[in-house]
Amino acid sequence: MTKRHSKTAAQQCRYYEVDNFFEYLAEVYINGNFSTFRELHKELCREARKDFIDFLLSEVEPIYWREILKETI
């Protein structure tokens with residue numbers, strides 16, 4: 001697979017054929033695919049990474065916040 005960098009969430013939605021890339025990203029982590037999560041997160045541009053954190057804090061259950069935030073750092 002080719003490396004993708006600095007992509008927006010909308011670009012990622014089209015590329016991975018999902019409706020909400022942030023939701024997909026959270027589900028990948030929750031399902032235990034940690035290395036895939038890291039790769040997908042690295043593909044996002046800086047602004048999209050910030051938007052993912054906003055999504056995480058507002059839409060994902062609090063029990064996963066700490067774990068996912070540690071993975072994004």
Side-chain angles (χ1 to χ4, degrees):
M1 181 189 292
T2 61
K3 293 190 177 194
R4 296 172 51 85
H5 296 286
S6 298
K7 301 298 178 187
T8 65
Q11 289 171 323
Q12 294 296 75
C13 283
R14 286 191 302 272
Y15 185 79
Y16 290 105
E17 298 177 355
V18 295
D19 293 329
N20 184 336
F21 184 72
F22 295 151
E23 186 176 296
Y24 174 69
L25 195 56
E27 288 176 8
V28 165
Y29 182 86
I30 291 168
N31 289 331
N33 300 321
F34 307 120
S35 60
T36 304
F37 172 83
R38 283 190 293 275
E39 291 173 16
L40 292 173
H41 187 263
K42 286 181 182 180
E43 292 178 2
L44 293 172
C45 65
R46 176 179 236 147
E47 193 62 34
R49 289 180 189 182
K50 290 178 185 178
D51 291 341
F52 174 68
I53 299 300
D54 287 339
F55 170 83
L56 177 69
L57 297 176
S58 65
E59 300 293 326
V60 177
E61 292 186 35
I63 60 172
Y64 298 111
W65 290 356
R66 177 175 278 154
E67 296 172 28
I68 294 175
L69 287 173
K70 284 182 182 178
E71 249 347 280
T72 62
I73 296 175

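Quantities reported herein were computed from a predicted structural model and do not represent experimental measurements.
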field: CA sep, side-chain torsions, deciding dist, call: Thr72, Leu56, side chain to side chain contact (heavy atoms under 4.5 Å, CB included)
entry: CA-CA 11 Å; Thr72 62; Leu56 177 69; 6.0 Å; no
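Residue Ala26 comes nearest to Val60 through the heavy atom pair CB-CG2, 3.9 Å, listed as atom of the first residue, atom of the second, then distance.
The line from CG of Leu25 to CG of Asn33 is 11.0 Å long, rounded to the nearest 0.5 Å. The CD1 atom of Ile30 sits 8.0 Å away from the CD1 atom of Ile63 when rounded to the nearest 0.5 Å. Rounding to the nearest 0.5 angstrom, the gap separating the OH atom in Tyr64 from the CG atom in Leu69 is 14.5 Å. The line from CD of Glu67 to NZ of Lys70 is 8.0 Å long, rounded to the nearest 0.5 Å. Between atom CG of residue Asp51 and atom OG1 of residue Thr8 there is a gap of 10.0 Å, rounded to the nearest 0.5 Å.
Between His41 and Phe52 there is a side-chain heavy-atom pair separated by less than 4.5 Å. Residues Gln12 and Glu43 are in side-chain contact: their nearest non-hydrogen atoms beyond the backbone lie under 4.5 Å apart. Residues Tyr24 and Leu40 are in side-chain contact: their nearest non-hydrogen atoms beyond the backbone lie under 4.5 Å apart.
Around CG of Asp19, the count of heavy atoms belonging to other residues, nucleotides or ligands within 6.0 Å does not exceed 12.
Relative ring orientation between Tyr16 and Phe21 is described as parallel, the plane-to-plane angle staying below 30° on a 0-90° scale split at 30° and 60°. Classified by interplanar angle (parallel below 30°, tilted 30° to 60°, perpendicular above 60°), the ring pair Phe37/Tyr29 is perpendicular.
Between the side chain of Arg46 and the backbone N or O of Ser6 there is no donor-acceptor pair closer than 3.5 Å.
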